[in-house]
Amino acid sequence: MVELFLSASLKCASTGMKEKMFEALERINKRPEPFEFYTANDLWTDEHTSAQMLSFHLNEAIDVSSRNAKFINQSVEWIVSEFNIGKDTKIADFGCGPGLYATRLAKHRANVTGIDFSTRSIAYARAVAAREQLNISYVEQNYLDFETQDRFDLVLMIMCDFCALSPTQRKKMLSNFHRVLKPGGSVLLDVYSLVAFDQREEVATYAVNLLHGFWSPNKYHGFLNTFKYEKEKVVLDKYTIIESERTRTVYNWLQYFASEDLEKAFQDAGFSVQGLYSDVRGIPYDRNSGEFAMIATRA
Ligand SMILES: C[S@@+](CC[C@H](N)C(=O)[O-])C[C@H]1O[C@@H](n2cnc3c(N)ncnc32)[C@H](O)[C@@H]1O
């Protein structure tokens, strides 16, 4: 009798577990609507992942989180000459990270404001500015909510951060840019192109400690589901991170752009487009490039 009961309960437990496992896998593999969830915070400001991000930013040889040091030096040189950066040129750097651009531009005597919601990156950037006595003000804040009485000659958003925003957030950003720029002031930003979109593929992968422990110092099971949205030209890298005590889903969205669509978005927001480039070093525009940069001026 006891045996019968035990065997029945075991069967129930294993059926229940199977259902739970099935439901969990369904959730993990579910394709959300484009930009349905915004979790940029989890990627950039979490205690553990922000430390990984900062070490990538500061690794001068790689193009992760920030581009490599040679690229950034060339980019700053071009920005300085293109925008005639000099004493008291006012620059706002949205998503400034640890201040790799802000620091260099301040050394060219610009007055820089850097906005970023990563406590760790802002603390690093502030320490550099204090040590080197640079004219930089760092604001630790979500840049979507940034408001100021200051007016700038130049707004930067570098390393394709604009692509991580939903259409509504992009509209809001463009209106923020417009508001904080002086008349005749410019925006310089870069985005991924449709060439890069065509190179992306849908995948579903699983690994213990996916990305070599990037997501947690503890053991975890990591799933990466990449979804492509053909009509919208959007790609989602959806990470599901399962630790013994918590489960997180982080949505890493990327919008890929046709140059005409980006131009139109800026024009609709009251800008006139001054130029297209292959990247923020001012390399001439090439339609085969995986990314491109744009300068737009507040009309
Ligand atoms: C790809 S990194 C680029 C950093 C820097 N522009 C560079 O090229 O070195 C993006 C930066 O934007 C910040 N960021 C992302 N979303 C943000 C948001 N909503 N508000 C403020 N900062 C944000 C991240 O913390 C990160 O430092």
Side-chain angles (χ1 to χ4, degrees), residues 35 37-79 91-107 110 112-126 128-129 136-148 154-177 180 187-192 196 214 235 237 250-255 279-281 290-291 293-294:
F35 294 102
F37 306 103
Y38 185 61
T39 58
N41 245 312
D42 293 293
L43 183 63
W44 293 102
T45 69
D46 169 87
E47 174 69 18
H48 178 76
T49 58
S50 68
Q52 316 281 311
M53 287 301 198
L54 182 57
S55 73
F56 296 149
H57 282 296
L58 301 181
N59 184 334
E60 298 195 334
I62 61 172
D63 292 311
V64 183
S65 302
S66 291
R67 297 206 179 82
N68 66 78
K70 186 173 169 212
F71 181 104
I72 295 176
N73 288 336
Q74 290 171 345
S75 176
V76 169
E77 245 171 64
W78 177 68
I79 291 170
I91 303 175
D93 185 3
F94 286 77
C96 61
L100 302 180
Y101 283 83
T103 299
R104 287 163 168 84
L105 290 165
K107 286 182 179 169
V112 187
T113 299
I115 308 111
D116 203 290
F117 64 6
S118 164
T119 305
R120 196 181 290 277
S121 280
I122 289 290
Y124 177 91
R126 281 187 177 139
V128 174
I136 309 178
S137 152
Y138 284 110
V139 182
E140 184 187 323
Q141 194 183 16
N142 187 327
Y143 50 47
L144 290 161
D145 304 325
F146 177 66
E147 290 193 8
T148 178
L154 176 63
V155 157
L156 302 174
M157 186 175 250
I158 291 180
M159 206 160 171
C160 302
D161 234 38
F162 195 64
C163 299
L165 302 175
S166 71
T168 310
Q169 290 170 326
R170 294 199 299 268
K171 251 194 178 161
K172 181 161 191 211
M173 260 346 284
L174 292 184
S175 126
N176 289 356
F177 290 166
V180 304
V187 180
L188 168 67
L189 54 58
D190 51 3
V191 294
Y192 295 114
F214 173 80
V235 172
D237 286 323
V250 180
Y251 299 85
N252 197 11
W253 300 100
L254 286 180
Q255 175 77 58
D279 61 33
V280 291
R281 294 174 301 175
E291 56 188 61
M294 177 183 279

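On a predicted model such as this, the values are computed, not experimentally measured, just so you know. In each ligand, atom 1 is the first atom listed, and ligand 1 is the first ligand listed.
A donor-acceptor pair under 3.5 Å is formed between the side chain of Ser118 and the backbone N or O of Ser121. Side chain of Thr103 to backbone of Gly99: a donor-acceptor contact under 3.5 angstrom is found. A donor-acceptor pair is defined here as one N or O able to donate and one able to accept, closer than 3.5 Å; such a pair exists between the side chain of Asp190 and the backbone of Cys160. Of the possible polar contacts, one joining the Arg120 side chain to the Glu47 backbone as a donor-acceptor pair under 3.5 Å is found.
Here Phe94 has no heavy atoms under 4.0 Å from ligand 1, in either its backbone or its side chain. Of all the heavy atoms of Gln141, the ones lying under 4.0 Å from any atom of ligand 1 belong exclusively to the backbone.
At under 3.5 Å, not a single nitrogen or oxygen of Asp93, backbone or side chain, sits near a nitrogen or oxygen of ligand 1. Between Phe117 and ligand 1, at least one N/O pair is under 3.5 Å apart.
For atom 24 (C) of ligand 1, the closest heavy atom belonging to the protein is Trp44 CD2, 3.3 Å. Looking at atom 9 (O) of ligand 1, its nearest protein heavy atom turns out to be Ser66 OG, 2.6 Å. Summary of contacts: the protein heavy atom closest to atom 25 (O) of ligand 1 is Asp116 OD1, 2.7 Å. Protein heavy atom closest to atom 12 (O) of ligand 1, with residue, atom name and distance, is Asp161 OD2, 3.1 Å.
Relative ring orientation between Phe56 and Phe214 is described as parallel, the plane-to-plane angle staying below 30° on a 0-90° scale split at 30° and 60°. Ring geometry for Tyr143 against Phe117 counts as parallel: the plane angle stays under 30°, on a 0 to 90° scale with 60° as the upper cut.
Across the listed options Gly95, Pro98, Gly97, Ser65, Gly95 owns the non-hydrogen atom lying nearest to atom 5 (C) of ligand 1.
Between Ser55 and Gln52 the shortest heavy-atom distance is OG-O, 2.8 Å.
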